[in-house]
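Please read the structure below before turning to the comments.
Start at 1 with the first residue, then count along the sequence.
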Amino acid sequence: VQLQASGGGLVQAGSSLRLSCAASGRAFSSSAVAWFRQAPGQEREFVAVITWSGASYYASSVKGRFTISRDNAKATVYLQMNSLKPEDTAIYYCAADDTIVILTKAENYDYWGQGTQVTVSS
């Protein structure tokens with residue numbers, strides 16, 4: 001499967017952004033899709049995941065501010081990010097895997113998008 005992440009940008013603290021992850025090449029509707037992020041000099045960290053059935057799970061740092069959703073007809077997963085903080089600044093990657101369970105480790109995912117930069121100024 002090929003994943004294409006988009007929607008990043010430069011925003012002020014408190015603003016919102018919506019990231020998109022468009023998939024092609026295989027049965028997207030049966031895959032779990034996650035968002036990870038990586039800030040300069042830091043390891044890639046889990047942000048959120050949504051399973052094929054719509055179950056979702058969030059990192060504690062974004063819970064209540066970010067919402068992950070999917071549109072299987074469009075083969076796209078979204079990450080709505082509200083109340084953005086400077087510490088949310090990172091490259092955001094989407095990843096997919098054929099699993100029915102919630103996975104939060106990057107090494108569990110077989111397919112990755114190219115990343116989209118999110119910069120939040122204070």
Are Trp112 and Phe36 an aromatic pair, judged by ring center distance below 6.0 Å? yes

Does any non-hydrogen side-chain atom of Tyr78 lie less than 4.5 Å from one of Ile68? no

Does some side-chain heavy atom of Val77 sit less than 4.5 Å from a side-chain heavy atom of Trp35? yes

Is Val33 reachable from Val101 through a run of I, L, V, M, F, W or Y residues, each pair having side-chain heavy atoms under 4.5 Å apart? no

Check whether any side-chain heavy atom of Leu79 lies under 4.5 Å from a side-chain heavy atom of Val47, and answer yes or no. yes

What are the two closest non-hydrogen atoms of Ala39 and Ala90, and how far apart are they? N-CB, 3.8 Å

Going by distance alone, is a donor N or O of one side chain under 3.5 Å from an acceptor N or O of the other, for Tyr92 and Arg37? yes

Do the side-chain N and O atoms of Asp98 and Ser31 include a donor-acceptor pair separated by under 3.5 angstrom? yes

Between Asn108 and Thr99, is the side chain to side chain contact (heavy atoms under 4.5 Å, CB included) condition met? List the steps. CA-CA 9 Å; Asn108 293 134; Thr99 178; over 6 Å; no

Check: Arg18 and Met81 side chains under 4.5 Å, non-hydrogen atoms: no

Is the shortest heavy-atom distance from the side chain of Ile100 to the side chain of Thr51 under 4.5 Å? no

Can you measure from OG (Ser83) to CZ (Arg65) and round to the nearest 0.5 angstrom? 7.0 Å

Atom CG of Asp88 and atom OG1 of Thr119: how far apart are they, to the nearest 0.5 Å? 11.0 Å

Taking the side chain as every heavy atom from C-beta outward, state whether Tyr57 and Phe46 have any pair of such atoms under 4.5 Å apart. yes

Please check if any side-chain donor atom of Glu87 sits under 3.5 Å from a side-chain acceptor atom of Thr89, or the reverse. no

Cluster overlap Ile102 with Tyr58, hydrophobic side-chain contacts below 4.5 Å: no

How about CD on Gln12, more than 12 heavy atoms from neighbouring residues, nucleotides or ligands closer than 6.0 Å, or not? no

Which atoms form the tightest heavy-atom contact between Ser122 and Ala13, and what is the distance? CA-CB, 4.4 Å

Side-chain touch Val49/Leu103, heavy atoms, less than 4.5 angstrom: no

Taking every heavy atom of Ser16 against every heavy atom of Asn82, the minimum-distance pair comes out as OG-OD1, 2.9 Å

How far does NZ of Lys74 sit from OG of Ser20, to the nearest 0.5 angstrom? 9.5 Å

If you measure from OG on Ser6 to CD on Gln114, what distance do you get to the nearest 0.5 Å? 8.0 Å

Taking a hydrophobic cluster as the set of Ile, Leu, Val, Met, Phe, Trp and Tyr residues connected by side-chain heavy atoms closer than 4.5 Å, whether directly or through intermediates, do Val120 and Ile91 fall within one such cluster? no

Begin with the C-alpha distance, continue with both residues' side-chain angles, and end with the deciding distance and a verdict on side chain to side chain contact (heavy atoms under 4.5 Å, CB included) for Thr116 and Leu19. CA-CA 8 Å; Thr116 185; Leu19 305 183; 4.0 Å; yes

List the steps and the verdict of side chain to side chain contact (heavy atoms under 4.5 Å, CB included) for Cys21 and Gln4. CA-CA 5 Å; Cys21 176; Gln4 179 76 31; over 6 Å; no

Decide yes or no for Trp52 and Asn72: does some side-chain heavy atom of the first lie under 4.5 Å from some side-chain heavy atom of the second? no

Between OG of Ser15 and CG of Leu17, what distance do you get to the nearest 0.5 Å? 7.5 Å

Does Leu3 share a hydrophobic cluster with Tyr109, counting links as ILVMFWY side-chain heavy atoms below 4.5 Å and allowing steps through other members? no

